[in-house]
Amino acid sequence: MWYQLPETEYIDDPIRMEQVAREVRAHRRAAVDTETTGVDRQKDLVVMWSICPHPGVRYACSPEMLKVLKGELIDDPRIEWDFTNAPFDLSMLENMGVPVPAGPVHCTLIMDWLWDENRRGRHGLKETAWDHLKLNMDELSTVVKKQRGESVPDAFARLMREDFASAIDYASKDAWGTQAVHDNLMLKLRDVETDTGLSLLDLYLKVEVPYTKMLHIMARRGVRVAPSYLEDLRGPMQQELDKVAREFARAAGREINLNSPKQLRDLFFGELGWDPIKWTKGGESGNRQPSCDEDTLKLYAAQGKPLAQVLMKHRGIAKIKGTYVDGLLKHVGREDRIYTNIKQHGTVTTRLSSVSPNLTNIPNPEDDIYRIRDAFIARDGHRLMAADYKQLEMYLLAHLSGDVRMQEVIHKGWDVHMGNAAITYGVPYEDIVAAKKEAGRLEAADVPHDQWPEEVTQLLRYRRNAKGVGFAVTYGEGDAALAEQLGVTKQEAADTKEELFDQYPGLRDFIFDTHDDVVARGQVSNLLGYIRHLPEAQSDWKGGYWTKSGRYVQKRPGPWAARALRQSVNLRVQGTAAAVVRLAQMFIEGIDGYENEHADRLRELGYEQILQIHDEVLAEYPTEKGIEAEIEKPLRAIMEHPFHDLPERLGLNFRELDVPLRIDIGTGDTWAQAH
DNA sequence: CAACAAGCTA
DNA sequence: ACGTAGCTTGTTGG
Ligand SMILES: Nc1ccn([C@H]2C[C@H](O)[C@@H](COP(=O)(O)OP(=O)(O)OP(=O)(O)O)O2)c(=O)n1
Ligand SMILES: [Mg+2]
Ligand SMILES: [Mn+2]
């Protein structure tokens, strides 16, 4: 069935709008798009909106007509809503007093991402309408000549004044296009069967659709910060920066922009004749230059070069100030809260991403001297609770690989990262266990971190480094890089790697099996069936032929294929971790289809999740005596058993993994304390 | 404006 | 020849 683009109709009459509402109810669906005063999700308002209940019509409506949407449609659980970038439009509608719809919320960005995760940057309406349907969506700039420095919303507002007919035509086309792309992608997703036997449409409808709404609800809550905490850091940091820059200029004999890698490179490796130690990646152009990064500076600092020492100091401060002090303050909005934009389609592994600002890379308090996470606090009368999975991807590796030794270690409650630390750094496992225990005691006694015994800090650092080593090695790190990371010779690094893999022989098999699979099929998937396409695993191979002199040249992956092989292993684990957290978050929220008694209890207790940091859920809860123990019960029940109803929910035949899942819970007045 | 280097997180 | 997955800042050179 194919429809021409219908004529547009402008609706500004409640009686006519009621008729449109009847059409929506009859079709039980509508695509909606909003034109707004700006792109601030907390503040901006709707200046015109469009609705499309079926391909034969398209309406542009005045803001007043939202009363009918609100009064008659939005609370009807049978009506399904289609958007392109649902969280944006839902926010704008909420700003106009229209609540979150009771029915399913679809988003073509998510559909297109699920269809092909590698279309990054091309999931938008213009691109999908063209790529899937050869539909040409107007750029606003072709309808109205955008003036210099004018934003899209401003240009649309001007169009409304200068050429109203074009404005309603442009606006209603987006709702119509959204509907068309939605319908097309529904069919495409339906026809892809995944490795678990589910179709992509199953995953979309049963997991992604409710998740869109859940994430929107969470994102609207925002996260409170103490602006004064950050503001108080500014002055001292700037003074320190200035002081350090003067020291550098004195030692160098002239003024240098310490933020300019190029000026520094000319000074160090040109003028001063230092030997380059590392080279930059050279990016797309492959233009590799001597590097001035921290690793390099460390080496020269250790040789007693004051320029390197001073520059390192500058770097540490500049980064934190630019990104986390000045940067975060720019994003503080209503009620001293930061509202990050959470992208459900932000990664190729089904993890989330967080932008403007990114709240998934706030410095870890363990070695952040400015304790930026202390600026993150709860609303009045509340505290923060962080729940972070223990060694999540190691646990999942144990399950996915079936490695008996790793499963045994986990069943006994031992810590895989500590075990790896013991091997890598040659310290007794028991000492690291004891250090962690001691750290818990010190934390409870409110002893400041800089007063902890050096021994304890060091042992904890071993665990953290071993975490990095363990994942790096599993995901394909080479001997040279590991040698660099550990500060040992290449041979020693190779031996350490051997020893780590020998602990868990099943890991090698898991890695090679995954490689074989991705080479054979050009794609891999996580435990639920979510797909990652890796065509380079099939194309970029070298060798496999006989030379003229009769020698066989072994087949080996080229650089692109080798990369795809590493990515394939990582996807199966990281992607499964993302699934664990997705399901847990929806059970916590008790969102559409994920209603459960634990969620009811959490709601009753006033528990509200406000952030996800990949394997951590951060939440606010009311300050009441003994409430933590009450929250912990349902929270653990949910997070440690995310697959408990998978047979009923998705028809998959397991409820638990071969290993348990465990979480660490921490609470405090600040995010730093909650860790 | 895009490309790049650097550095922060999981 | 390269652990994976991200985002933001500041400089540079068109
Ligand atoms: N350098 C790193 C750090 C983390 N991760 C991935 C794997 C981890 O399992 C997951 C979560 O990060 P955590 O810091 O929470 O690490 P773990 O959950 O493994 O350990 P912990 O018990 O300390 O939480 O992110 C990774 O791939 N590479
Ligand atoms: Mg974590
Ligand atoms: Mn964790």
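Lettering follows sequence order; numbering is per chain, from 1. These numbers come from a predicted model, not from an experiment.
- Among the protein residues, Val573(A) comes within range of no part of the nucleic acid, since none of its heavy atoms lies under 4.0 Å from any strand.
- Listed pair Arg566(A) / dG3(C) fails the phosphate criterion, with no side-chain N or O lying under 4.0 Å from OP1 or OP2.
- Whole-Å rounding puts the Leu392(A) CG to dA5(C) C1' distance at 14 Å.
- Relative to the side chain of Tyr475(A), the nucleotides dA5(C), dA6(B), dG3(C) differ in distance, and dG3(C) lies closest.
- Between dG7(B) and Thr323(A), no contact under 4.0 Å exists linking OP1 or OP2 to a side-chain N or O.
- With hydrogens and angles ignored, no donor-acceptor pair closer than 3.5 Å exists between the side chain of Asn358(A) and the base of dC7(C).
- Within the 4.0 Å cut-off from OP1 or OP2 of dA10(B), at least one side-chain nitrogen or oxygen of Asn364(A) is found.
- Checking the phosphate oxygens (OP1, OP2) of dC7(C), a side-chain nitrogen or oxygen of Ser353(A) falls inside 4.0 Å.
- Between Arg315(A) and dG7(B), a side-chain N or O to OP1/OP2 separation shorter than 4.0 Å is present.
- Residue Gln574(A) places none of its side-chain N or O atoms closer than 4.0 Å to OP1 or OP2 of dA10(B).
- Between the side chain of Arg351(A) and the base of dA10(B), a donor-acceptor pair under 3.5 Å is found.
- Taking the six-membered ring for Trp and thresholds of 30 and 60 degrees, His515(A) and Phe512(A) have ring planes more than 60 degrees apart, a perpendicular arrangement.
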